[in-house]
Protein chains: 2
Amino acid sequence: MNKEQKILETALKLFVEFGFHGTPTSKIAKEAGVANGTLFHYFATKETLIKELYVSIKNELNQLLMAKLDVNDEIKIAAKKLYSNTILWALANKDKFHYIQQVQFSPHLAQIPSDVSLEQTKMHTEFIELGKAKGAIKLMPTDFIFTLVNSQITGIYQYILTQPPTQQHEIIEQGFEMIWDLIALKK
Amino acid sequence: MNKEQKILETALKLFVEFGFHGTPTSKIAKEAGVANGTLFHYFATKETLIKELYVSIKNELNQLLMAKLDVNDEIKIAAKKLYSNTILWALANKDKFHYIQQVQFSPHLAQIPSDVSLEQTKMHTEFIELGKAKGAIKLMPTDFIFTLVNSQITGIYQYILTQPPTQQHEIIEQGFEMIWDLIALKK
DNA sequence: TTGTAGATTGACTAATCACTCTACAAATTT
DNA sequence: AAATTTGTAGAGTGATTAGTCAATCTACAA
């Protein structure tokens, strides 16, 4: 297997379990089955590794969401897909989702160039603006809607974790209706 | 000034700015104006310092919320107070609020005994259950409501940061009506 | 005055860590 | 086949770090 990929995978696992501080590069290399020097061949610094891991995970999620989106769908249907695919992905990739939060509430986030961050939210803000243009979504500021939905997703994800898997589907459904109620323009 | 307090204050500032990893204990001691050994006189390990700082900040917020709560208030009024006092406190104590998030999405959270965490959410869950009993809040699971409101608060806080201060009051008002709409039982 | 317990100091240390360097192997290009 | 680039290894290094410790200071009670 690709060693660069293997390093990223191992780093993810260890960072989530022990934090950035608690994870020495030597441990990452050892557990990934590569030499110390190999790690630094692919990632110049530990900081680089932290950031590239973050960007690669965010891209993975975005590409998945894009792939599952259908331009012919109604806004509400499309929104529901975006929403539930995000939660389902988070549940199937807990470490990755957790890592995103970990970085977002750490000083490392400030290190990521704003154009990279912007690129990653672009798809979502464009979607919200389309929804407003089509009269499906309230004319609130796009950033406001984006932030609300995002935090709602995080909240629902955290709650689902505490519930039995049989309930998960219903909670996702219920959660969507609630958030849609919040942002949909009533006719 | 009390040296223990001074250490906590300095640690907060540095942890938020540079992260746990990027903040050596020696730097905390130096900037707090105490000797290296003094820090370890009060906090046996760096980990202890991280955890005690978290608990002390959470307690501070809870005590403030309690103090501002009036048992004679209607549920909706009381809920609004809890909500807006939390956001106002967060805006006035950005570092502290940021630190709470930082710990909550780090492996350090797992180190905090569950009875301590429980004690801190007790007041909120009791309030939600009172609201349900009085027929003011929907009969959804208490944890679900708690998580939703919490993430909503985080979301609104983050959005407010990007807006001019003149707008803040209105966003808080608007945000409350939205979240109340979500959880209130319609008569 | 003396005794005592806690507060405070800062030099010290053992361990750890991020990162370098050199050597060689494999792949790719010329 | 020679030359060049790229991948991989792992021992080595200098700097840093969390935490220790013996010594002094302060407050206050006996």
Side-chain angles (χ1 to χ4, degrees), chain A residues 1-57 95 99 102-103 105-113, chain B residues 1-57 95 99 102-103 105-113:
Chain A
M1 183 194 202
N2 184 351
K3 302 209 170 190
E4 187 178 0
Q5 203 56 37
K6 187 78 195 161
I7 292 168
L8 284 170
E9 262 181 35
T10 310
L12 169 65
K13 197 185 116 209
L14 295 176
F15 283 151
V16 168
E17 185 170 355
F18 304 106
F20 302 118
H21 167 215
T23 310
T25 51
S26 56
K27 199 174 168 187
I28 298 171
K30 201 175 170 185
E31 202 145 321
V34 302
N36 239 314
T38 305
L39 189 150
F40 286 95
H41 174 70
Y42 288 106
F43 306 96
T45 66
K46 189 182 182 180
E47 188 74 21
T48 308
L49 173 58
I50 291 173
K51 284 187 255 168
E52 286 194 17
L53 181 57
Y54 175 77
V55 173
S56 81
I57 292 175
D95 278 358
Y99 185 76
Q102 200 174 324
V103 173
F105 287 104
S106 80
H108 300 289
L109 185 64
Q111 305 287 327
I112 290 162
Chain B
M1 180 192 202
N2 184 352
K3 302 209 172 191
E4 188 178 358
Q5 203 56 38
K6 187 78 195 159
I7 292 168
L8 284 171
E9 261 180 35
T10 310
L12 168 66
K13 196 185 119 210
L14 295 176
F15 283 150
V16 168
E17 185 170 357
F18 304 107
F20 303 117
H21 168 214
T23 311
T25 51
S26 56
K27 198 173 168 188
I28 298 171
K30 200 174 170 185
E31 201 144 321
V34 303
N36 240 312
T38 305
L39 189 150
F40 287 97
H41 174 71
Y42 288 107
F43 307 96
T45 65
K46 188 181 180 180
E47 188 74 20
T48 308
L49 173 59
I50 291 173
K51 285 186 255 170
E52 287 193 17
L53 181 57
Y54 175 77
V55 172
S56 81
I57 291 175
D95 278 357
Y99 185 75
Q102 199 173 325
V103 173
F105 287 104
S106 81
H108 300 289
L109 185 65
Q111 306 286 328
I112 290 161

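The figures that follow rest on heavy atoms only: side chains count, while hydrogens, waters and symmetry mates do not. Chain A is the first sequence line, chain B the second, and so forth, proteins listed ahead of strands; every chain is numbered from 1. Since we're looking at a predicted model, the values are computed, not measured.
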Checklist entry - Distance from Y99(A) atom OH to F15(A) atom CZ, nearest 0.5 Å? => result 5.5 Å
Next on the checklist: For dT9(C) and K30(B) - does any side-chain N or O of the residue sit under 4.0 Å from the phosphate oxygens OP1/OP2?
Outcome noted: no
Item to check | Within 45° cone of F18(B) ring axis and under 6.0 Å: K27(B) NZ or CZ | outcome: yes
Checklist entry - Just how far, in rounded Å, is C1' of dT17(D) from CD of E47(B)? => result 15 Å
Next on the checklist: Rounding to an integer number of Å, can you tell me how far N2(B) CG sits from dA7(C) P?
Outcome noted: 10 Å
Checklist entry - Does H41(B) have a side-chain nitrogen or oxygen under 4.0 Å from the phosphate oxygens OP1 or OP2 of dA7(C)? => result yes
Checklist entry - When you check the phosphate oxygens OP1 and OP2 of dC17(C), does a side-chain N or O of T25(A) lie under 4.0 Å from one of them? => result no
Checklist entry - Rounded to whole angstrom units, what separation is found between the CG atom of L14(A) and the C1' atom of dC17(C)? => result 15 Å
Next on the checklist: Any side-chain N or O of Y42(B) below 4.0 angstrom from OP1/OP2 of dT8(C)?
Outcome noted: yes
Checklist entry - Do any N or O atoms from the side chain of T38(A) and from the backbone of V34(A) form a donor-acceptor pair under 3.5 angstrom? => result no
Checklist entry - To the nearest Å, how far apart are L39(B) CG and dA18(D) P? => result 9 Å
Checklist entry - In whole Å, what is the span from the CD atom of E4(A) to the C1' atom of dT8(D)? => result 14 Å
Checklist entry - Do the non-hydrogen side-chain atoms of V16(B) and Q102(B) ever get within less than 4.5 Å of each other? => result yes
Checklist entry - Whole Å only: how far is the NZ atom of K46(A) from the C1' atom of dA15(D)? => result 15 Å
Next on the checklist: Please give me the minimum heavy-atom distance between P107(A) and E17(B), naming the atom from each residue.
Outcome noted: CB-O, 3.6 Å
Item to check | For DNA chain D, stems built from three or more consecutive Watson-Crick or G-U wobble pairs below 3.5 Å | outcome: C:1-30 with D:1-30
Item to check | Between dT8(D) (C1') and K6(A) (NZ): distance, integer Å | outcome: 17 Å
Checklist entry - How far does CZ of F43(B) sit from OG1 of T48(B), to the nearest 0.5 angstrom? => result 9.0 Å
Checklist outcome for this item: Between the CZ atom in F20(B) and the NE2 atom in H21(A), the distance rounded to the nearest 0.5 Å is 10.5 Å
Item to check | side-chain N/O K3(A) vs dA9(D) OP1/OP2, d < 4.0 Å | outcome: yes
Checklist entry - In terms of the nearest nucleotide of DNA chain D, which residue is placed more toward the 5' end: T38(A) or H21(A)? => result T38(A)
